[in-house]
Amino acid sequence: MLHDYRTATLSETQLSLAHTLDCGQCFRWIPSPDGTWEGVVRGSLYRLGQNALSDPSCRIYTDPVLRDYFDVDTDYLDIRNELSGLDGHLAEACRFAPGIRILRQEPWEALCSFIISQNNNIKRIRQIIERLSGRYGVPVAGTSRNAFPTADALAKASDDELRALGTGFRAPYLLDAANNIASGRIVLDELAALPVGQARARLMEIRGVGPKVADCALLYGLHRLEVFPIDVWMKRVMSRHYPDDDVSRFGRFAGIAQQYLFHLERTGVGISHDASVARAEDLEERHGHGRTS
DNA sequence: CACCAGGCAGTGC
DNA sequence: GCACTGCATGGT
């Protein structure tokens, strides 16, 4: 062990707030013009700035909730070294935004967030989650924001009420998830002890939870780092860089690999040579002869 | 006005 | 098993 992780601070390449909080794994952090981020974690409001992380007394290190949430005690340098050895494109993704971490979000919030995410865009996912919290969440004292609603609170909502907040066809999915959790038929914390395949199958008993949403709940909510959620962006990554479609190559940290690859694919245009070439090909295809296909 | 967005359920074969 | 379609809504 090279560091004492109980006292060491994290540099920006070990924890970048901007990359971690805006890479599509969480939806409740809001950037301010002064560069700080405001978010609600387990019922408390936090405002954090990158500069403060160089101080060992920063709450990220001293507050047990934040220390756990940001997974401070995991060494991402080791993980990136392991992933970077797998192939060149993954190494580039690790280099592109090394400060990304997989947060330890609340399982119920992660499950709901990714139910809402289906056939949706990240901006609108944020809006819907904020409206849900505003309507059904407990207010955070002294602030203008609310905690994410409990399953009990959501279970009491009606289909029409949820649709009025813009959830659309996902309203019955949220209700089925809320009923399963509120009734205790599914206990998310217990899924953490199951083999990943069994945990995944339990999650998929919920209406509106398929393989992708289940994997996101497992990765972001239950911190199962071996799962590899595949969405439309990752399908592009796979077809372009891993045409054999074999995800077992990514190993025990596949979920972290996925997050680096996802972020590079979504935001790396113009920086990554591969991505910009592929982007140009996409544009040519669309504007040229893509209308009929 | 089409098309897309961190998919899924239903249907048909 | 795989291919195809409808789905609510808001942004380009």
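Naming: A, B, ... by sequence-line order, numbering from 1 per chain. Atoms considered below: every heavy atom in the structure, side chains included; atoms not considered: hydrogens, waters and symmetry mates.
- When heavy atoms are screened at a 4.0 angstrom cut-off, Cys23(A) is found touching base atoms of the nucleic acid.
- With rounding to whole Å, Gln105(A) atom CD is found 13 Å from dG6(B) atom C1'.
- Between Met238(A) atom CE and dG6(B) atom C1' the separation is 16 Å, expressed in whole Å.
- Relative ring orientation between Trp108(A) and Phe148(A) is described as perpendicular, the plane-to-plane angle rising above 60° on a 0-90° scale split at 30° and 60°.
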Could you walk me through whether Gln118(A) and Lys212(A) pass side-chain contact (heavy atoms from CB on, under 4.5 Å), step by step? CA-CA 9 Å; Gln118(A) 64 180 266; Lys212(A) 196 275 179 178; over 6 Å; no
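- Comparing Gln118(A) and Lys123(A) against DNA chain C, the residue whose closest nucleotide sits nearer the 5' end is Gln118(A).
- At the heavy-atom level, Gln127(A) lies nowhere under 4.0 Å from the strands shown.
- Nearest-nucleotide positions on DNA chain B place Ile230(A) closer to the 5' end than the other of Ile230(A) and Tyr173(A).
- Look at the C1' atom in both dC2(C) and dG6(B): the space between them is 23 Å, to the nearest Å.
- Rounded to a whole Å, the CG atom of Leu264(A) is 16 Å from the C1' atom of dG6(B).
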Could you go through Phe250(A) and Leu90(A), starting from their C-alpha distance and side-chain angles, then the distance that decides it, and tell me whether this counts as side-chain contact (heavy atoms from CB on, under 4.5 Å)? CA-CA 9 Å; Phe250(A) 297 114; Leu90(A) 185 50; 3.9 Å; yes
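- Here Phe262(A) counts as stacked on dG6(B): its ring centre is under 5.5 angstrom from the base ring centre and the planes meet at under 30°.
- Among the heavy atoms of the strands lying under 4.0 Å from Pro229(A) is at least one base atom, whether or not backbone atoms are also near.
- Toward the 5' end of DNA chain B, the nearer of the two residues Asn121(A) and Met204(A), judged by each one's closest nucleotide, is Asn121(A).
- For Arg131(A), no side-chain nitrogen or oxygen approaches OP1 or OP2 of dG10(C) to under 4.0 Å.
- When the C1' atom of dA3(C) is taken as reference, atom NZ of Lys235(A) falls 13 Å away, rounded to whole Å.
- Counting atom types as modelled, Glu265(A) pairs no side-chain N or O with a base atom of dG6(B) as donor and acceptor under 3.5 Å.
- At whole-Å resolution of the value, CD1 in Ile116(A) and C1' in dA5(B) are 14 Å apart.
- Distance check on atom P: dG10(C) versus dC8(B) gives 22 Å, rounded to whole Å.
- Within 4.0 Å of Gly24(A), counting heavy atoms only, lies at least one base atom of the nucleic acid.
- Residues His223(A) and Asp71(A) bring a donor and an acceptor atom of their side chains to less than 3.5 Å of each other.
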Output, in order, the C-alpha distance, side-chain angles, deciding distance and verdict of side-chain contact (heavy atoms from CB on, under 4.5 Å) for Phe70(A) and Leu17(A). CA-CA 9 Å; Phe70(A) 284 96; Leu17(A) 293 182; 3.8 Å; yes
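- The side chain of Ile122(A) sits closest to dG6(B) out of dA5(B), dG6(B), dC8(B).
- Computed from coordinates, the Met234(A) CE to dG7(B) C1' distance equals 16 Å when rounded to whole Å.
- Minimum atom distance to the side chain of Arg236(A) is reached by dA5(B), of the listed dA5(B), dC7(C), dG6(B).
- Closest approach to the Arg163(A) side chain among dC8(B), dG7(B), dA8(C) is made by dA8(C) (side chain taken as heavy atoms from C-beta onward).
- Nucleotide dG7(B) holds its P atom 10 Å from the CZ atom of Phe114(A), rounded to whole Å.
- In this structure, Phe228(A) has its ring center no closer than 6.0 Å to that of Phe262(A).
- Regarding Asp176(A), its CG atom lies at a distance of 14 Å from the P atom of dC8(B), rounded to whole Å.
- In this structure, Arg207(A) reaches the dG10(B) phosphate: one of its side-chain N or O atoms is under 4.0 Å from OP1 or OP2.
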